[in-house]
Amino acid sequence: MAKNFTSRKENYSQWYNELVIRADMAENSAVRGCMVIKPYGYAIWERMQANLDKMFKDTGHQNAYFPLFIPKSFFNREAAHVEGFAKECAVVTHYRLKNSKDGKDIIVDDDAKLEEELIVRPTSETIIWNTYKDWIQSYRDLPLLINQWANVVRWEMRTRLFLRTAEFLWQEGHTAHATKEEAIEETEKILHVYEEFAEKWMALPVLKGLKSPNERFAGAVETYCIEALMQDGKALQAGTSHFLGQNFARAFDVKFLSKENKLEYVWATSWGVSTRLMGALIMAHSDDKGLVLPPKLAPIQVAIVPIYKKNEQLEEITKKILPIKEALEKRGITVKYDDRDTQKPGWKFAEYEFKGIPVRLAIGPRDLENGTIEVARRDTLEKEILNITDIDIKVANLLDAIQSNLYEKALAFREENTFKVDTWSDFKKQIEKGGFILAHWDGTEETEQKIKEETKATIRTIPLNNTKEKGQCVFSGKDSNQRVVFARAY
RNA sequence: CGGGGUAUAGCGUAGUCCGGUCAGCGCGCCUGCUUUGGGAGCAGGAGGUCGCAGGUUCAAAUCCUGCUACCCCGACCA
């Protein structure tokens with residue numbers, strides 16, 4: 001058992017906070033609400049980035065980079081959009097510092113006031129659409145499929161490492177299309193990319209669906225999302241894809257000449273996932289012994305620990321291990337051979353366990369004699385002694401097995417914690433216990449708002465391809481033709 | 001941003017009510033020897049302007065004021 005580590009049952013949010021720090025993923029910085037992502041945490045993020053980036057490129061997108069700063073005037077072009085972000089924007093007002101009169105301090109130089117304030121981007125729609133205006137003239141310029149990897153700032157009052165920080169890293173895709181249908185198709189295509197990434201790489205099952213008007217992105221016509229269930233029964237929005245209609249095209253006057261020689265506004269989408277995925281990854285699989293990582297995203301997939309008394313023994317073990325390490329690496333597996341003499345084997349075991357390394361191999365004098373090796377898997381904590389022959393194949397298979405086991409486990413958890421509820425009293429009871437609640441909703445914002453006020457639960461998503469069934473709204477009793485997904489959320 | 005709590009060595013903490021050998025303990029760190037199949041043992045050692053800034057007092061970790069950060073609850077938010 002990990003020493004002095006809060007269990008999930010004791011205090012879930014403390015468990016999460018301690019885990020992030022102790023697994024060496026991130027820490028709070030000197031700047032309020034902003035985190036330092038440490039090398040181990042960043043390595044996981046880099047793996048996410050690399051895979052997502054490939055998926056974006058495979059679907060025809062290109063990367064570009066737009067400025068961190070956005071002129072204030074851009075913001076009030078799209079009314080809903082301003083309203084959505086105005087309250088959490090950092091604003092740059094000056095461009096120079098100077099020494100104070102007594103020379104003891106550095107102060108803002110009042111003479112260096114910006115004519116127009118700059119907003120640190122909370123998202124980039126405005127600067128990007130202002131730019132697209134010049135890039136798009138003809139239907140031949142469409143579709144325009146751009147993604148950028150960037151940091152954004154949203155001045156949050158209450159922050160938590162990875163889940164909600166004032167500055168975070170993300171990717172934001174911004175595309176322009178000639179037709180509404182094509183833009184919607186793009187929005188859904190990206191949603192599918194997100195779903196595939198979550199399920200295949202993060203081993204995280206997600207619900208795909210639409211947001212209710214209350215939860216929709218400011219400026220979007222329709223917001224699609226993938227929604228995951230965490231181990232404490234709370235929902236977490238893992239990614240969003242927005243159909244923006246012609247809202248930004250109108251606001252920034254982005255028109256193109258169609259084949260029919262008609263001047264038309266373009267149709268837009270935007271979509272993003274952020275370092276919040278790190279929080280989802282952590283909370284989906286980890287346990288009371290620390291982090292559990294799916295092999296496909298683990299920076300180190302296999303750790304090898306030698307057990308020895310004398311230096312000659314270590315040399316012997318190393319001779320045995322290096323070919324194994326090479327064979328594993330040939331299969332694309334990342335391996336760390338930990339031959340440090342400064343830590344003892346038991347210490348290393350505990351360390352790799354806490355950091356969620358999927359597979360640990362240990363080899364000592366007994367194994368040398370018997371031609372065996374100890375194989376331990378992080379997800380189930382099982383250990384077995386295997387014959388060393390073809391160990392690379394066995395480990396590769398084990399990594400695959402761990403990857404799918406984590407997914408299956410998370411899926412089973414979600415299924416066990418998804419409930420159909422038909423009465424208001426059952427709804428209130430169930431929401432206290434957590435999980436996804438499938439209930440009828442009359443489709444009005446008022447009802448959603450009231451449910452939120454009384455239970456803190458929101459509509460997480462209206463699933464795509466939802467089963468249609470007649471019923472009565474769980475709150476108002478009015479007619480409804482489908483169930484939607486309610487939960488308390490991060 | 002409102003309410004509550006916390007801040008003492010790298011980490012975790014005792015001491016704060018009742019000012020005066022109170023700056024102590026555990027882990028970690030350094031040196032040496034013995035150890036090494038689940039967080040090693042012994043011996044020696046280094047490390048702290050008690051969050052920051054003021055104030056009260058002969059004397060402040062301890063009392064007062066302000067500030068900052070973190071945690072919990074709420075509001076806001078994706």
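So you know, we letter chains A, B, ... as the sequences are listed, proteins then strands, and number each from 1.
Every pair passing salt bridge (charged side-chain N to carboxylate O under 4.0 Å, His left out) that includes a residue from residues 29-43 of chain A is listed here, sequence neighbours excluded: A/D24-A/K38, A/E27-A/K38. The stretch residues 153-163 of chain A participates, sequence neighbours left out, in these side-chain hydrogen bond (donor to acceptor under 3.5 Å, both in side chains) pairs: A/N17-A/R160. Among pairs with a residue in residues 299-319 of chain A, none fulfils ring-ring contact (aromatic ring centres under 6.0 Å, His included), at least two apart in sequence or across chains.
Not counting sequence neighbours, the partners of A/F427 by the ring-ring contact (aromatic ring centres under 6.0 Å, His included) test are A/W424, A/F486. With sequence neighbours excluded, no residue satisfies side chain to side chain contact (heavy atoms under 4.5 Å, CB included) with A/E369. Every residue meeting the side chain to side chain contact (heavy atoms under 4.5 Å, CB included) condition with A/E188, not counting sequence neighbours, appears here in chain and number order: A/I184, A/Y224. Residues satisfying the side chain to side chain contact (heavy atoms under 4.5 Å, CB included) test with A/N130, not counting sequence neighbours, are A/F74, A/R77, A/F252.
Under 4.0 angstrom from either OP1 or OP2 of B/A78 there lies no side-chain N or O belonging to A/T240. When the side-chain nitrogen and oxygen atoms of A/N17 are compared with OP1 and OP2 of B/C72, one or more of them lie within a distance under 4.0 Å. Residue A/K211 places no side-chain N or O under 4.0 Å from the OP1 or OP2 atom of B/A78. The side chain of A/R366 places no N or O atom within less than 4.0 Å of a non-bridging phosphate oxygen (OP1 or OP2) of B/G37.
The stretch residues 157-166 of chain A touches RNA chain B through A/M157, A/R158, A/R164, each having a heavy atom within less than 4.0 Å of the strand. Residues of residues 193-200 of chain A having a heavy atom closer than 4.0 Å to RNA chain B: none are found.
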>> Apply side-chain contact (heavy atoms from CB on, under 4.5 Å) to residues A/F217 and A/H81 and explain how you reach the verdict.
In response: CA-CA 8 Å; A/F217 173 72; A/H81 190 63; 3.7 Å; yes
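Nucleotides of RNA chain B nearest to A/G84 and A/P306 differ in position, and the one nearer the 5' end is that of A/P306.
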Quiz: residues 234-245 of chain A side-chain donor-acceptor pairs under 3.5 angstrom, not counting sequence neighbours:
unit_1: A/Q237; atom_1: OE1; unit_2: A/K211; atom_2: NZ; d: 3.3
unit_1: A/T240; atom_1: OG1; unit_2: A/H242; atom_2: NE2; d: 3.4
unit_1: A/S241; atom_1: OG; unit_2: A/T187; atom_2: O; d: 2.8
unit_1: A/H242; atom_1: ND1; unit_2: A/T223; atom_2: OG1; d: 2.8

Residues 198-210 of chain A side chain polar contacts: donor-acceptor under 3.5 Å, at least two apart:
unit_1: A/E199; atom_1: OE2; unit_2: A/V206; atom_2: N; d: 3.1
unit_1: A/K208; atom_1: NZ; unit_2: A/E195; atom_2: OE1; d: 3.2

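Following rounding to the nearest Å, A/E382 (CD) and B/G38 (C1') show an atom-to-atom distance of 17 Å.
A/E351 comes within 4.0 angstrom of a nucleotide base, judged by non-hydrogen atoms across all strands.
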> Under a 3.5 Å cutoff on both atom distances, Watson-Crick or G-U, what's the dot-bracket for RNA chain B ([ ] crossing, | other strand)?
Replying inline: ((((((((.[[[[.)....(...]]]].((((((.....)))))).....[[[[[..)....]]]]])))))))....
